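From a predicted model like this one, the values you see are computed outputs, not experimental measurements. Each ligand, and each atom within it, is numbered from 1 in the order the structure gives. Numbering of residues begins at 1 and proceeds along the displayed sequence.
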Amino acid sequence: MALIVQKYGGTSVGSPERIQAVARRVAKYRAQGHQVVVVVSAMSGETNRLIELAKKIQAQPDPRELDVMISTGEQVTIGLVTMALMELGLKAKSYTGAQVRILTDSAFTKARILSIDEQNIRTDLANGYAIVVAGFQGVDENGNITTLGRGGSDTTGVAMAAALHADECQIYTDVDGVYTTDPRVVPEARRLKSVTFEEMLELASLGSKVLQIRSVEFAGKYKVKLRVLSSFEEEGEGTLITFEEDEKMEQAIISGIAFNRDEAKITVRGVPDKPGIAYQILGPVSDANIDVDMIIQNVSIDGSTDFSFTVHRNEFNKAMSVLKNQVQQHIGAREVIGDDKTAKVSVVGVGMRSHVGIASKMFRTLAEEGINIQMISTSEIKISVVIDEKYLELAVRVLHKAFDLDQESL
Ligand code: ASP
Ligand code: MG
């Protein structure tokens, strides 16, 4: 007998029929003697609908009140899933975040989980109940309802699995696992049987949005065995997120090609090359709450240099005006230029650590297609380049092929 946490995303509970399918899967696991805790999202589209509704009343919705209302999507789902389980003859019981007591901090709309009181759920499980918990929501120490940020039900799932020391946390979604890249861009993309946590973090943060990043970090920290599966298929083992690299010995050096269309590049030209400049440029940017991704500073010629970095495209204008108004004159930079039509492509793989020549292969592949590389950054397990966005799909396709990730080639 195992204790399994199953998390179902919005499309997996998107209709009464889908909810009944969830109930049938839970019943199957119960019939095999397993204890099951189900964590659910709101029905697909519901959270967006609620946010839009709020904005009709308040252009900038009050965060506490927004959480009060957007947390209702999940509350509807837990009731429906529990009823569907009862209809199949199972003992079942729903819990909101507050009823579990998923204690969070008070950062409305992006709260963090502090602790979970799992005692009542344990007792219910022991008494033969299937448990259905609302994802995405918690309660702060003053009893305020909080939410965990978009996609936060993943984190609820993983956190419940950690608190209950579950044998496995299964994340059910509308794809059957983690792919070598987005199959909409490369039809030959393959499902990975397993991927390490580190790789998953890169693949998720770089655009393969299968799991909320925070949930992957959480699973890594608490050593939760995590598996991504499709709720639209009866069978299939999905993708297992592993800790050990050795399990991947027989696999390719590169696990996947991640990409991000939302990069914008900003260059501050002709800045003095002296201590404190990076801080003077990026300090005001970070004070304006703008996240900076890649950063590059050139070697100085005659004591002056260029400083480039990327931000999310949505924050491009804001960042440009911060730099023009607060920074340029202040530090005596020649000019600030920007390009919001850029994209980032990354090759990701823990195998890179023990293999040389990955970067040169990547650069050669792009060169052969005449794709200009504007910026490069590397870490132990990834190499990222910034390129003109119009070449993004071509770049992803040729890299996918060059690194032998195409189907059938293995
Ligand atoms: N319903 C929330 C959202 O749409 C949480 C989730 O689905 O994970 O972001
Ligand atoms: Mg989701």
Within 4.0 Å of some non-hydrogen atom of Ser41, the atoms of ligand 1 are 6 (C), 7 (O), 8 (O)
* **Close side-chain approach of Val178 to Glu199, heavy-atom, < 4.5 Å** => no
Quick note on ligand 1: atoms under 4.0 Å from a heavy atom of Arg150 include exactly 3 (C), 4 (O), 9 (O)
For Gly9 and ligand 1, answer yes if some heavy atom of the residue is under 4.0 Å from a ligand atom, otherwise no. no
inquiry  = Apply salt bridge (charged side-chain N to carboxylate O under 4.0 Å, His left out) to residues Lys265 and Glu389 and explain how you reach the verdict.
reply    = CA-CA 11 Å; Lys265 182 183 68 170; Glu389 91 165 321; over 6 Å; no
Whether Arg101 engages the ring of Tyr95 as a cation-pi pair (distance to the six-membered ring centre under 6.0 angstrom, angle to the ring normal within 45°) should be assessed.
no
**Message:** I'd like to check Asp339 versus Phe316 (side-chain heavy atoms, cut-off strictly below 4.5 Å). Are they in contact?
**Reply:** no
Are any of the heavy atoms in Gly151 under 4.0 Å away from ligand 1?
-> yes
Q | Asp154 N/O to ligand 1 N/O under 3.5 Å | A | no
Quick look: Glu74 vs ligand 1, heavy-atom contacts under 4.0 Å, and the answer is side chain
Quick check with a 6.0 Å cut-off and a 45 degree axis cone: is Arg18 positioned over the face of Tyr8's six-membered ring?
no
